[in-house]
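Below, all heavy atoms of this structure are taken into account, side chains as well, without hydrogens, waters or symmetry copies.
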Amino acid sequence: MRYVLSTILLTLLSVCLLGDLLDFIPADYDFFLLFKDNGTYYSKISSVPFFNFLLSEQGLGLEYVTKSLLENIGYSARVSPQVIYDALSKSVLFASKGIVFEVQSLFSIDINYYIEALRNIGTASILVFESEEPEKLLKMIAGITNLKLTYSEKTWVLQDTDVAIFARYYRGYLVMSGSKNALERAIDVYDRPTDQFVTKYSVRELVNQSAWISGFFRGGSFGINIAGVGDNSFETDYFTVDGILTEESLRLEIKQHLKKGVDLNKYLSSSLTMRNMPFIGNFAFSSTVSGPSDIAQGISWWFQGAQEEIRKMYQIISSILDISKDRVYLTGDLTGEYVRFAAIFNLTADFDVNLIRSYGAREFGDELRLPIMNGFVSFFKQGKDLIVTNLTKDEYLKLSNRRRLRDDSAYQYVSKGFPEKDIIRIYIDLGNLVESMLGLKARGRLLFSQFVESGVIVYKVEVM
């Protein structure tokens with residue numbers, strides 16, 4: 001009974017603490033990201049195969065590198081690195097207005113990325129840590145960012161010739177901002193609920209869910225640069241972010257809530273056919289045809305004045321998409337000295353090859369090869385499918401018969417948690433990708449899907 005009461009008390013306490021953390025966000029801010037109880041999740045992220053490779057000494061050894069860096073900084077600053085471990089083990093809040101947050105920047109394996117992000121906190125942004133030793137924590141941050149730390153009028157300042165970060169300690173929290181006005185305003189609204197973000201938007205329920213990462217973005221403050229139904233395709237009310245961490249994987253879900261109902265059914269199609277497609281190299285991509293067709297129309301202006309060979313390929317692919325149905329499939333290498341690729345189009349009618357011939361393509365048996373830059377692109381039929389690849393037909397047939405996506409047990413496993421019908425699906429063998437880039441053995445997979453759920457556009461990625 002005592003254990004049950006203690007558990008309930010701790011749960012209620014954590015909810016209250018999260019609420020206090022969010023109270024620093026002014027009502028007119030555009031978004032926030034909350035990383036909750038980081039210390040409880042570290043052991044889990046260390047057990048996820050790909051992150052284990054990044055962190056462990058058997059892989060890239062980022063944990064050892066980070067510890068060594070912090071020990072050196074702590075020695076120079078005469079501060080124990082434990083103060084930064086303690087702060088990072090608790091909840092951390094980042095909130096801002098007036099900038100577009102790009103989802104691609106959420107994760108990076110380069111520690112310098114995070115150092116630069118800290119150095120360049122926007123003038124209307126806040127970063128909040130829980131800490132019992134704010135000055136020691138700031139000394140460590142000053143060492144990491146290579147900034148000078150001063151103190152005046154109850155405010156710390158981290159600065160060099162072109163950067164200034166202001167910080168104050170309030171109610172057990174270290175609040176940091178790129179401007180003194182934004183810092184003072186965040187502290188001021190903490191005690192004025194009517195001027196808080198959480199009063200204007202119902203986000204308490206969102207952050208109290210059992211997720212490691214929680215976020216909320218007003219429409220127009222979030223950037224997703226991926227093909228498909230993008231964030232700028234429809235008028236967006238808001239986005240929510242959930243990051244769920246287990247001992248097997250990290251799953252991130254971004255939900256795009258639209259201001260008014262839109263028929264998205266034309267973008268949906270079954271992804272089951274993807275399982276039977278060739279898996280060449282380290283990535284596989286599949287998308288509903290209507291998605292790439294819309295993209296091709298939308299980006300046509302990019303190719304005005306582009307290199308002649310690039311413009312030719314754009315016109316050819318656009319023509320192929322016009323007579324394609326169901327799904328477009330693409331597989332190949334993301335990196336390497338020789339990057340292979342193969343695209344498969346399911347045609348509704350015969351493709352007029354005279355367009356390719358008019359650009360200089362020549363026949364090699366039953367395939368057409370179009371010279372492109374220092375190589376060629378080959379076009380040939382396989383049943384009802386049109387294959388477009390930089391391999392010869394014989395090379396493609398050998399590779400396509402050697403391995404199919406269904407033969408990848410990790411894909412079979414991770415795809416069970418994704419809906420059958422989606423707009424876009426991307427699968428990457430991270431282990432193979434790392435090995436091709438660094439020559440190191442690694443394990444890891446990534447699956448991304450964009451789909452629709454009760455009128456909400458969902459972007460879901462899982463890393464294992």
Going through the distances and angles, do Glu133 and Val83 end up as a side-chain contact (heavy atoms from CB on, under 4.5 Å)? CA-CA 7 Å; Glu133 300 180 285; Val83 297; 3.2 Å; yes
Pair Leu34, Ile213 - check side-chain contact (heavy atoms from CB on, under 4.5 Å), show working. CA-CA 6 Å; Leu34 179 66; Ile213 303 169; over 6 Å; no
Asp28 vs Arg185, salt bridge (Lys or Arg N to Asp or Glu O under 4.0 Å): CA-CA, chis, key distance, verdict: CA-CA 11 Å; Asp28 62 346; Arg185 186 158 177 253; 2.9 Å; yes
Verdict with supporting geometry, Leu250 and Glu462, side-chain contact (heavy atoms from CB on, under 4.5 Å): CA-CA 6 Å; Leu250 170 64; Glu462 188 161 359; over 6 Å; no
Do Glu253 and Tyr459 pass the side chain to side chain donor-acceptor pair (under 3.5 Å) test, and can you show the C-alpha distance, the side-chain angles, and the key distance before you say yes or no? CA-CA 6 Å; Glu253 280 195 10; Tyr459 308 84; over 6 Å; no
Which is it for Glu184 and Asn181 under the side-chain contact (heavy atoms from CB on, under 4.5 Å) test, yes or no, and what are the steps along the way? CA-CA 5 Å; Glu184 291 174 344; Asn181 287 339; 4.2 Å; yes
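In this structure, the side chains of Met277 and Ser286 stay at 4.5 Å or more apart for every pair of heavy atoms. Put simply, the side chain of Val157 does not reach to within 4.5 Å of the side chain of Ile165, judged on heavy atoms. Contact of the Leu22 side chain with the Leu93 side chain is registered, since non-hydrogen atoms from C-beta on lie closer than 4.5 Å. Between Ile73 and Ile144, some side-chain heavy-atom pair lies under the 4.5 Å cut-off. Residues Gln196 and Thr194 form no side-chain contact, since every pair of their non-hydrogen atoms from C-beta on lies 4.5 Å or further apart. Residues Leu446 and Phe50 fail the side-chain proximity criterion, which asks for heavy atoms closer than 4.5 Å. At least one side-chain heavy atom of Ser91 sits under 4.5 Å from a side-chain heavy atom of Asp37. Side-chain contact between Leu137 and Leu174 is present, with heavy atoms from C-beta onward closer than 4.5 Å.
There is no side-chain donor-acceptor pair under 3.5 Å between Ser179 and Thr123. In summary, the side chains of Thr273 and Arg327 do not present any donor paired with an acceptor at a separation below 3.5 Å, with no hydrogens or angles considered. Side chain to side chain, Asn282 and Asp429 fail the donor-acceptor criterion of an N or O pair below 3.5 Å.
Rounding to the nearest 0.5 Å gives a distance of 11.0 Å between OH of Tyr170 and CG of Asp20. Between the CZ atom of Arg251 and the OG1 atom of Thr246 there is a distance of 7.5 Å, given to the nearest 0.5 Å. Interatomic distance, CE of Met274 versus CG of Asp422, reported as 8.5 Å (0.5 Å rounding). To the nearest 0.5 Å, atom OH of residue Tyr201 and atom OG1 of residue Thr240 are 14.0 Å apart. Separating the CZ atom in Phe32 from the CZ atom in Phe197 is a distance of 6.0 Å, to the nearest 0.5 Å. One distance of note links OG of Ser449 with CD1 of Ile423; it measures 8.0 Å at 0.5 Å rounding.
In summary, Asp23 and Arg171 do not engage in a salt bridge, as defined by a charged side-chain N under 4.0 Å from a carboxylate O. Salt-bridge check for Lys259 with Asp237: failed, with every basic side-chain N at 4.0 Å or more from each acidic carboxylate O. With respect to the salt-bridge test (charged N to carboxylate O, under 4.0 angstrom), the residues Asp30 and Lys97 do not qualify.
Of the possible donor and acceptor atoms, none in the side chain of Thr236 sits under 3.5 Å from a partner among the backbone N and O of Tyr238. Although no hydrogens or angles enter the test, the distance criterion places no donor-acceptor pair under 3.5 Å between the side chain of Ser47 and the main chain of Ile45. Listed for the Thr288 side chain is a donor-acceptor partner under 3.5 Å among the backbone atoms of Tyr267. A side-chain donor-acceptor contact under 3.5 Å links Tyr329 to the backbone of Pro278. Remark: the backbone N or O of Arg204 is paired with a side-chain donor or acceptor of Asn208 at under 3.5 angstrom. In this structure a side-chain-to-backbone donor-acceptor pair under 3.5 Å is missing from Tyr151 to Glu135. For Gln412 (side chain) and Arg406 (main-chain N/O), a donor-acceptor pair under 3.5 Å exists by modelled atom type. Lys139 places no side-chain N or O within donor-acceptor distance of the main-chain N or O of Arg78, the cut-off being under 3.5 Å. Under a 3.5 Å cut-off, the side chain of Asp333 and the backbone N or O of Thr335 do not form any donor-acceptor pair. Asn38 contributes a side-chain N or O that, together with a main-chain N or O of Leu88, makes up a donor-acceptor pair within less than 3.5 Å.
Taking the centre of each ring, Phe24 and Tyr173 come in below the 6.0 Å mark. Taking the six-membered ring for Trp, Phe217 and Phe31 have ring centres closer than 6.0 Å. Residues Tyr427 and Tyr411 place their aromatic rings such that the two centres sit under 6.0 Å apart.
For the residue pair Ser287 and Ile424, the shortest heavy atom distance occurs at OG-CG1, 3.6 Å. In terms of heavy-atom proximity, Val203 sits nearest to Val198 at CG2-CG1, 3.7 Å. The minimum heavy-atom distance linking Ser214 with Val207 is given by the pair OG-CA, 3.8 Å. Here the closest non-hydrogen pair linking Gly455 and Val452 is N-CG1, 4.0 Å. Across all their heavy atoms, Lys36 and Gln209 have their closest contact at NZ-O, 2.7 Å. Pairing each heavy atom of Leu55 with each of Ser46, the nearest pair is CD1-OG, 3.9 Å.
Counting heavy atoms of neighbouring residues, nucleotides and ligands inside a 6.0 Å radius, atom CD of Glu420 exceeds 12 of them. Within a 6.0 Å radius of CZ in Arg443, no more than 12 heavy atoms belonging to other residues, nucleotides or ligands are found. Within a 6.0 Å radius of OH in Tyr75, no more than 12 heavy atoms belonging to other residues, nucleotides or ligands are found. Heavy atoms of other residues, nucleotides or ligands lying less than 6.0 angstrom from NZ of Lys421 number 12 at most. In Lys255, the NZ atom is not crowded: 12 or fewer heavy atoms of neighbouring residues, nucleotides or ligands sit closer than 6.0 Å.
Seen from the ring of Phe451, Lys460 does not count as a face-on cation partner, given the 6.0 Å and 45° thresholds.
Here Asp408 pairs with Arg403, Arg445 under the salt bridge (Lys or Arg N to Asp or Glu O under 4.0 Å) rule; sequence neighbours left out.
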